[in-house]
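Below is one structure; the comments refer to it alone.
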2 protein chains.
Amino acid sequence: MNISMRDLRAFIAVAEQKNFTRAAEQCHLSQSAFSALIQNLESELGVKLFARSTRRVELTAEGKVFADSANRLLVEFALVQSEMKDHVEMRKGRVSVAALPSLAAGWLPVVLKEFRANHPGVSTELADTLSDECLELVRAGRADFALCAAGSDMAGLEAEPLCTDEFYVVMHREHPLARRKSLSAADLLNQPFIHLSHTSSVRQLLDAALHPGRIAGIMEVAHLASVASLVGNNIGISVIPFLALFQFSHPDLVIRPLKEPKIVRTIYAIRLADRPLSVAAEAFLALLKKRRSKIRSELGKDERRH
Amino acid sequence: MNISMRDLRAFIAVAEQKNFTRAAEQCHLSQSAFSALIQNLESELGVKLFARSTRRVELTAEGKVFADSANRLLVEFALVQSEMKDHVEMRKGRVSVAALPSLAAGWLPVVLKEFRANHPGVSTELADTLSDECLELVRAGRADFALCAAGSDMAGLEAEPLCTDEFYVVMHREHPLARRKSLSAADLLNQPFIHLSHTSSVRQLLDAALHPGRIAGIMEVAHLASVASLVGNNIGISVIPFLALFQFSHPDLVIRPLKEPKIVRTIYAIRLADRPLSVAAEAFLALLKKRRSKIRSELGKDERRH
DNA sequence: CACACTTACGATATTCGTAAGGATT
DNA sequence: AATCCTTACGAATATCGTAAGTGTG
């Protein structure tokens with residue numbers, strides 16, 4: 001028992017035209033092939049659908065019953081087809097992104113806005129969280145992809161570099177080091193230092209780069225806003241990646257590039273390996289890559305605003 | 001764009017099994033043919049439905065969307081199939097019969113009852129009316145077939161004899177002719193005669209057979225019950241077909257066979273030519289023919305009851 | 001190296017169209 | 001004679017299965 005949409009369309013064509021020849025034309029078939037098709041349909045259903053006298057073709061009682069059903073099935077099927085098309089052409093869909101708070105608060109919304117304007121039917125979700133949780137969301141399939149740093153275990157994931165992010169020293173404007181144009185790791189020794197929590201990728205990177213034993217950490221907080229406040233009150237200094245600097249735009253704060261060693265982290269677009277993204281997610285990721293040059297200029301705008 | 005139910009079943013099979021090989025077995029196909037089938041489906045829809053790594057098969061985002069639709073379509077289709085089957089096997093359907101009042105009041109209900117008991121899902125309709133209107137109902141498609149006498153214009157109709165119906169003289173028991181065992185046309189001359197209306201097939205047959213000029217018609221009524229009442233009051237006599245005699249079972253009435261000429265009418269099963277009956281109507285007609293031997297015995301029962 | 005999907009390719013079935021047949025008006 | 005559906009039959013097409021190819025764990 002195998003009936004196709006074409007069979008249904010053919011059936012409906014005869015039912016409407018009441019004529020095999022015209023129905024066959026409508027279906028781009030020879031009349032004989034068409035006749036065979038209808039006969040086949042009748043035998044599959046086990047019912048005569050048409051009463052053919054040589055001069056007239058009419059639906060049988062059972063044919064009428066089937067006509068209603070066939071029409072309904074065709075409509076249903078057309079809806080399914082159009083829904084699939086909607087997804088392919090991104091009039092429908094869903095994109096779920098996990099991103100570092102720094103990206104989620106700065107550059108990402110700008111691109112998100114553009115994407116949403118272009119594809120109003122596609123719903124977008126954004127989870128702003130630390131790298132590890134970003135990766136977890138991707139692994140669990142709760143996010144299509146993540147924009148974050150690479151984690152220690154990247155098995156099953158595929159990471160594509162999106163941009164690099166340099167680290168800066170932030171301190172109070174009255175801090176002794178504030179007069180310097182740039183700073184090195186040696187300058188930070190014995191300075192009261194505000195750390196982010198160990199789970200933060202920033203912290204992990206700093207620990208690796210700056211020999212933690214020699215840094216006089218005096219405090220450990222979870223959120224950048226806390227760091228900014230502590231530094232703003234001159235309780236200590238900190239080292240922050242460029243993308244997070246928008247939280248440190250304050251007259252009392254001074255930002256200085258950290259040189260020697262220059263610390264750079266890479267932000268990746270990370271997704272499940274061997275799993276294609278949905279059409280919409282693919283498109284959104286493409287747009288993100290297309291707009292990646294604006295990452296810094298967007299932040300610039302943000303800083304100028306303060 | 002031609003997608004078949006088989007395609008949907010195959011798709012659902014992989015979606016559930018998450019494995020082409022098992023799904024192929026489930027569909028009684030070789031794995032390679034199955035693979036081609038799915039690829040074909042994907043290309044027809046214009047979307048990748050499955051993410052195949054060599055080790056795992058999963059639905060893509062679009063595949064999940066399609067899975068819901070495919071399931072729904074299959075369910076819908078199964079319902080359509082079962083509805084068609086219901087009609088073929090007469091768990092559903094409709095039979096509409098037009099029949100002469102004499103049949104509709106006597107034999108027909110008995111067969112109808114049997115049919116309805118065997119096929120409770122099939123709705124039955126019965127129009128009890130004179131032959132001309134019976135034929136009209138059949139022509140208009142309002143009745144599947146009619147049980148009545150043949151009309152003057154039988155074009156487009158197909159008549160199959162069902163039974164014959166002989167005519168009897170009915171009169172009051174005190175009527176002079178009541179003592180006779182049988183009567184001839186000559187006996188009826190100059191007797192006050194109760195006629196049915198000209199539209200009645202009975203009347204037409206009598207007019208043709210009994211030389212109306214020589215019959216002293218004194219009254220013309222539409223319904224047999226009126227004839228019975230008039231005759232019951234000894235206002236006149238009448239000639240009535242056997243099948244209608246059940247209305248004349250009364251102690252005051254006497255029924256005598258009419259011989260010379262013996263008048264016989266034929267009752268036909270009449271339907272549209274070149275139009276098959278619905279399965280249910282065909283079955284009902286078959287049952288009617290099978291039970292036709294009971295036409296007289298049913299009437300006998302009726303008469304015995306009085 | 002075993003498993004699982006894809007590709008290649010010859011074999012098999014289906015489906016197609018032309019042409020002839022048959023029935024009706 | 002014209003119309004319209006069916007049947008016959010060779011041809012085109014699609015589908016199938018075996019077997020080889022490929023990538024992964």
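Lettering of chains follows the sequences in order, A, B, ..., and the numbering in each one begins at 1.
- Judged by closest nucleotide on DNA chain D, B/Ala33 is the one of B/Ala33 and A/Asp274 placed further toward the 5' end.
- In this structure, B/Arg55 does not reach the C/dC5 phosphate: none of its side-chain N or O atoms is under 4.0 Å from OP1 or OP2.
- When distances are taken from the side chain of B/Phe20 to each of D/dT18, D/dT6, C/dT6, the shortest belongs to C/dT6.
- Contact check, A/Gln39 against D/dT7: a side-chain N or O comes under 4.0 Å of OP1 or OP2.
- Checked by atom type, the side-chain pair A/Glu282/A/Ser278 shows no donor-acceptor distance below 3.5 Å.
- Contact annotation: B/Arg6 side-chain N/O to D/dC16 OP1/OP2 distance is under 4.0 Å.
- Salt-bridge formation is not detected for the pair A/Glu16/A/Arg9: no Lys NZ or Arg NE/NH1/NH2 atom is positioned less than 4.0 Å from an Asp or Glu carboxylate oxygen.
- For A/Thr21, a side-chain nitrogen or oxygen approaches OP1 or OP2 of D/dC5 to under 4.0 Å.
- Atom-to-atom, CD of A/Glu25 to P of C/dG17 comes out at 12 Å; the value is rounded to the nearest Å.
- Using a 4.0 Å cut-off, no side-chain N or O of A/Asn40 falls inside it from OP1 or OP2 of C/dT14.
- One can place CD of B/Glu42 at 12 Å from C1' of C/dT6, the figure rounded to the nearest angstrom.
- B/Leu41 has its CG atom 17 Å from the P atom of D/dA14, to the nearest Å.
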Worked verdict on A/Asp144 versus A/Ser96 for side-chain hydrogen bond (donor to acceptor under 3.5 Å, both in side chains): CA-CA 5 Å; A/Asp144 293 316; A/Ser96 177; 5.3 Å; no
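- Contacts of A/Leu37 with the nucleic acid, taken as non-hydrogen atoms under 4.0 Å apart, are absent.
- When the C1' atom of C/dC5 is taken as reference, atom CG of B/Asn19 falls 10 Å away, rounded to whole Å.
- Judged by distance alone, with hydrogens and angles left aside, A/Ser32 brings a side-chain donor or acceptor within reach of the base of C/dT18, the pair sitting under 3.5 Å.
- Contact check for B/Val279 versus B/His87: no side-chain heavy atoms found under the 4.5 Å cut-off.
- One interatomic measurement links the two molecules: CG of A/Asp7 to C1' of C/dT15, which rounds to 12 Å at whole-angstrom precision.
- In this structure, CD1 of B/Ile38 is placed 13 Å from P of D/dT15, rounded to the nearest angstrom.
- Here the P atom of nucleotide C/dT14 and the CG atom of B/Asn2 are 16 Å apart, to the nearest Å.
- The only member of A/His119, A/Glu83, A/Lys85 that meets side-chain contact (heavy atoms from CB on, under 4.5 Å) when paired with A/Arg91 is A/Lys85.
- Atom CD of A/Gln31 and atom P of D/dT7 are 11 Å apart (whole Å).
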